[in-house]
Amino acid sequence: MGILFTKYKCTINFEFLSNKLAEIQSANVDLEFISDSRVPSELIGPFIQTQEEVKAILLEKFNEEIETYTNSGLLSLLDSLPTYLSKGFQLIVDRATQQLVGRLDMTIVGKSARLETLFVNEKYAQRGLSKWLIGSALLQLKDNENIKVIETNTDERNEFALKALKVYDFFYKYTIENFLKALQ
């Protein structure tokens, strides 16, 4: 299931974060950036499709499975959430094709937020999109006074995700930079 990485909300500079996200967005005018507590109805089909892509990538590259949802299970999760649970969705859509090219799901329970299912289509790599997805999720927590900690599980071989988390100073007993050095 990977390594649990953590970030404390009190360490986030929200003004700096907001400026960085604006820079990424202005450099990618061909994309639409969405941060919301619900998946827009027109994106539910592409959202479910990316779930299948993510499952395939994790199995192929890391021999790891993610929580399996049936399409009907995903739809019911998107339609109604238990009162103790809330979700955040960060989505990136290609304006020309209306295809979902990036996503990050966030589950909020009690005093913690869990980042899940970081995905960026390979065709859109090296454009700062994973940084926007993670940063946007963090920014979505700004006004939530209850949240104290943000966590995510990442396979130690997933350099793509590790590099994106490193930008935001997530840690596992020690910094990601030291963790990557220890793996070598």
Side-chain angles (χ1 to χ4, degrees), residues 1-29 31-40 43 47 50 54 66-67 77 81-93 100-121 124-156 158-183:
M1 287 303 287
I3 307 293
L4 180 66
F5 291 100
T6 305
K7 168 131 187 100
Y8 293 110
K9 182 180 171 195
C10 64
T11 65
I12 301 171
N13 179 334
F14 288 106
E15 185 178 342
F16 177 79
L17 179 59
S18 185
N19 291 335
K20 282 293 173 196
L21 298 180
E23 285 175 23
I24 292 169
Q25 285 180 252
S26 64
N28 291 283
V29 294
L31 303 174
E32 179 181 358
F33 295 83
I34 301 166
S35 178
D36 205 338
S37 60
R38 306 205 69 59
V39 174
L43 293 175
F47 180 86
T50 61
V54 169
I66 60 172
E67 260 185 82
L77 177 66
L81 296 168
T83 55
Y84 64 87
L85 177 79
S86 62
K87 293 288 277 182
F89 298 97
Q90 319 318 307
L91 307 169
I92 303 174
V93 179
L100 190 62
V101 300
R103 77 177 249 205
L104 176 74
D105 310 348
M106 177 174 56
T107 302
I108 301 167
V109 181
K111 295 182 179 190
S112 69
R114 177 83 122 180
L115 305 183
E116 305 161 335
T117 321
L118 174 63
F119 169 78
V120 174
N121 184 306
Y124 297 83
Q126 304 301 315
R127 294 176 62 174
L129 303 184
S130 58
K131 292 177 184 115
W132 184 88
L133 291 164
I134 294 169
S136 178
L138 296 176
L139 195 60
Q140 196 174 17
L141 299 172
K142 179 180 180 181
D143 296 325
N144 187 328
E145 305 267 329
N146 293 325
I147 299 298
K148 304 296 182 214
V149 67
I150 301 101
E151 300 174 323
T152 189
N153 271 345
T154 302
D155 189 286
E156 60 271 15
N158 189 343
E159 288 187 45
F160 163 77
L162 290 172
K163 287 178 182 177
L165 292 169
K166 179 182 171 191
V167 170
Y168 296 107
D169 297 322
F170 277 79
F171 64 91
Y172 162 79
K173 293 186 184 177
Y174 41 80
T175 66
I176 288 178
E177 188 171 317
N178 289 336
F179 178 79
L180 288 171
K181 285 179 186 174
L183 286 176

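For the atom pair OG1 (Thr117) and CG (Asp105), the distance works out to 4.0 Å, reported to the nearest 0.5 Å. Residue Lys7 holds its NZ atom at 10.5 Å from CG of Leu165, rounded to the nearest 0.5 Å. Going from atom CG of Leu129 over to atom CZ of Phe33 covers 5.5 Å, rounded to the nearest 0.5 Å. The CD atom of Glu151 sits 5.0 Å away from the OG1 atom of Thr6 when rounded to the nearest 0.5 Å. Note that CD1 of Ile147 is 6.5 Å distant from OG of Ser112, once rounded to the nearest 0.5 Å. Going from atom CG of Leu138 over to atom CG of Asn13 covers 12.0 Å, rounded to the nearest 0.5 Å.
For the pair Thr154 (side chain) and Leu162 (backbone), a donor-acceptor distance under 3.5 Å is absent. Judged purely by atom type and a 3.5 angstrom limit, Lys20 has no side-chain atom pairing as donor or acceptor with the backbone of Gly135. Put simply, the side chain of Asn158 gets close to the backbone of Ala161: a donor and an acceptor are under 3.5 Å apart. Judged purely by atom type and a 3.5 angstrom limit, Asn28 uses its side chain to pair as donor or acceptor with the backbone of Arg127. In this structure, Ser18 contributes its side chain and Phe14 its backbone to no donor-acceptor pair below 3.5 Å.
Here the options are Leu31, Val101, Leu43, the test is side chain to side chain contact (heavy atoms under 4.5 Å, CB included), and the partner is Val93; only Leu43 passes.
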**Phe170 vs Ile150, side chain to side chain contact (heavy atoms under 4.5 Å, CB included): CA-CA, chis, key distance, verdict** = CA-CA 9 Å; Phe170 277 79; Ile150 301 101; 3.9 Å; yes
**Prompt:** Please walk me through it: do Trp132 and Leu21 pass side chain to side chain contact (heavy atoms under 4.5 Å, CB included)?
**Reply:** CA-CA 6 Å; Trp132 184 88; Leu21 298 180; 3.6 Å; yes
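For the pair Ser136 and Gln90, the tightest heavy-atom approach, listed with the atom from each and the gap, is OG-OE1, 2.8 Å. Taking both residues in full, the closest heavy atoms of Asn153 and Leu4 are given as OD1-CA, 3.3 Å, listed atom of the first, atom of the second, then distance. When all heavy atoms are compared, the tightest approach of Ala113 to Leu141 is CB-CD1, 3.8 Å. Heavy-atom minimum distance, Ile24 versus Gly128: CD1-O, 3.5 Å. Scanning all heavy atoms of the two residues, the minimum distance from Ser37 to Gln140 falls at N-NE2, 3.8 Å. Residues Lys131 and Tyr168 share a closest heavy-atom pair of O-OH, 2.7 Å.
Here the side chains of Ile108 and Met106 are in contact, with some heavy-atom distance below 4.5 Å.
Remark: the Glu116 side chain and the Thr107 side chain contain an N/O donor-acceptor pair separated by less than 3.5 Å.
A distance below 6.0 Å separates the ring centres of Phe171 and Tyr8.
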